[in-house]
Amino acid sequence: MSQNEIATKIAQIRELAQLIEEATAEVETLKDEIKAHMTAVETEELTAGVFKVRYTTVKSNRFDTAAFRKTHADLYEQYSRPTETRRFSIA
């Protein structure tokens with residue numbers, strides 16, 4: 001692949017990434033409007049046409065890695081394992 005082809009592909013990636021970013025922001029705005037309405041009418045579920053929307057509270061427990069590492073550094077080291085990934089970035 002030539003340098004020009006790579007540059008063209010990178011330009012396309014950036015353009016598409018910008019479109020995705022804008023669409024994602026718009027989706028989040030619309031979701032926020034629906035959530036605000038559901039909060040205002042104090043409901044966790046509503047039906048709109050063929051769509052059923054739920055906005056519910058979900059409780060879960062998460063492991064606090066940072067606190068565990070502070071208080072049990074030896075165990076943290078014993079059960080930690082290195083991982084390797086590859087990262088693709090464009091600057």
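Reckoned from all heavy atoms, side chains included, excluding hydrogens, waters and symmetry mates. Count residues from 1 along the sequence.
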Quiz item: Among all residues two or more places apart in sequence or in another chain, which pass the side chain to side chain donor-acceptor pair (under 3.5 Å) test with Glu45?
Solution: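 Once residues adjacent in sequence are excluded, the partners of Glu45 under the side chain to side chain donor-acceptor pair (under 3.5 Å) criterion are Arg54.
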
Quiz item: Hey, is NZ on Lys35 packed in by over 12 heavy atoms from elsewhere, all under 6.0 Å?
Solution: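 Count over threshold, so yes.
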
Please table the atom pairs, donor to acceptor, closer than 3.5 Å between any side-chain atom in residues 56-67 and protein atoms at least two apart or in another chain.
{"residue": "Asp64", "atom": "OD1", "partner": "Ala66", "partner atom": "N", "Å": "3.4"}
{"residue": "Asp64", "atom": "OD1", "partner": "Ala67", "partner atom": "N", "Å": "3.1"}

Quiz prompt | Side chain Ser2, main chain Glu5, donor-acceptor under 3.5 Å | solution =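 Yes, Ser2 side chain to Glu5 backbone: donor-acceptor pair under 3.5 Å.
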
Quiz item: About how many Å separate CD1 of Ile13 and CZ of Phe88, when rounded to the nearest 0.5 Å?
Solution: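 Result: 5.0 Å between the selected atoms.
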
Quiz item: How many angstroms lie between CG in Leu46 and CE in Met38, if you round to the nearest 0.5 Å?
Solution: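 Atom-to-atom, Leu46:CG and Met38:CE are 4.0 Å apart.
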
Exercise. Could you walk me through whether Arg69 and Glu77 pass the side chain to side chain contact (heavy atoms under 4.5 Å, CB included) test, one step at a time?
Key: CA-CA 8 Å; Arg69 185 180 331 170; Glu77 284 299 318; over 6 Å; no

Quiz item: Is Val41 linked to Ile34 within one hydrophobic cluster, defined over Ile, Leu, Val, Met, Phe, Trp and Tyr using a side-chain heavy-atom separation of less than 4.5 Å?
Solution: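 No: no chain of side-chain contacts under 4.5 Å links Val41 to Ile34.
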
Practice problem: List for me each residue that meets salt bridge (Lys or Arg N to Asp or Glu O under 4.0 Å) alongside Lys70, sequence neighbours excluded, and say none if there are none. | Solution: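 For Lys70, no residue satisfies salt bridge (Lys or Arg N to Asp or Glu O under 4.0 Å) once neighbours in sequence are set aside.
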
Practice problem: State, with a plain yes or no, whether a side-chain heavy atom of Leu75 is found less than 4.5 Å away from one of Gln78. | Solution: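 Yes - at least one pair of side-chain heavy atoms lies under 4.5 Å apart.
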
Quiz prompt | Those residues that, when tested against Gln3, pass side chain to side chain contact (heavy atoms under 4.5 Å, CB included) (two or more places apart) | solution =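 Residues passing side chain to side chain contact (heavy atoms under 4.5 Å, CB included) with Gln3: none at all.
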
Practice problem: Taking side chain to side chain contact (heavy atoms under 4.5 Å, CB included) as the test, write out the residues that go with Thr39, two or more places apart. | Solution: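 For Thr39 the side chain to side chain contact (heavy atoms under 4.5 Å, CB included) partners, ignoring immediate neighbours, are Tyr55.
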
Tabulate below the donor-acceptor pairs under 3.5 Å that side-chain atoms of residues 15-30 make, not counting sequence neighbours, or state none.
{"residue": "Gln18", "atom": "NE2", "partner": "Glu22", "partner atom": "OE2", "Å": "3.0"}
{"residue": "Thr24", "atom": "OG1", "partner": "Ile20", "partner atom": "O", "Å": "2.8"}
{"residue": "Thr29", "atom": "OG1", "partner": "Ala25", "partner atom": "O", "Å": "3.0"}

Exercise. Measure from the ring center of Tyr76 to the ring center of His72 and say whether it is less than 6.0 Å.
Key: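 No.
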
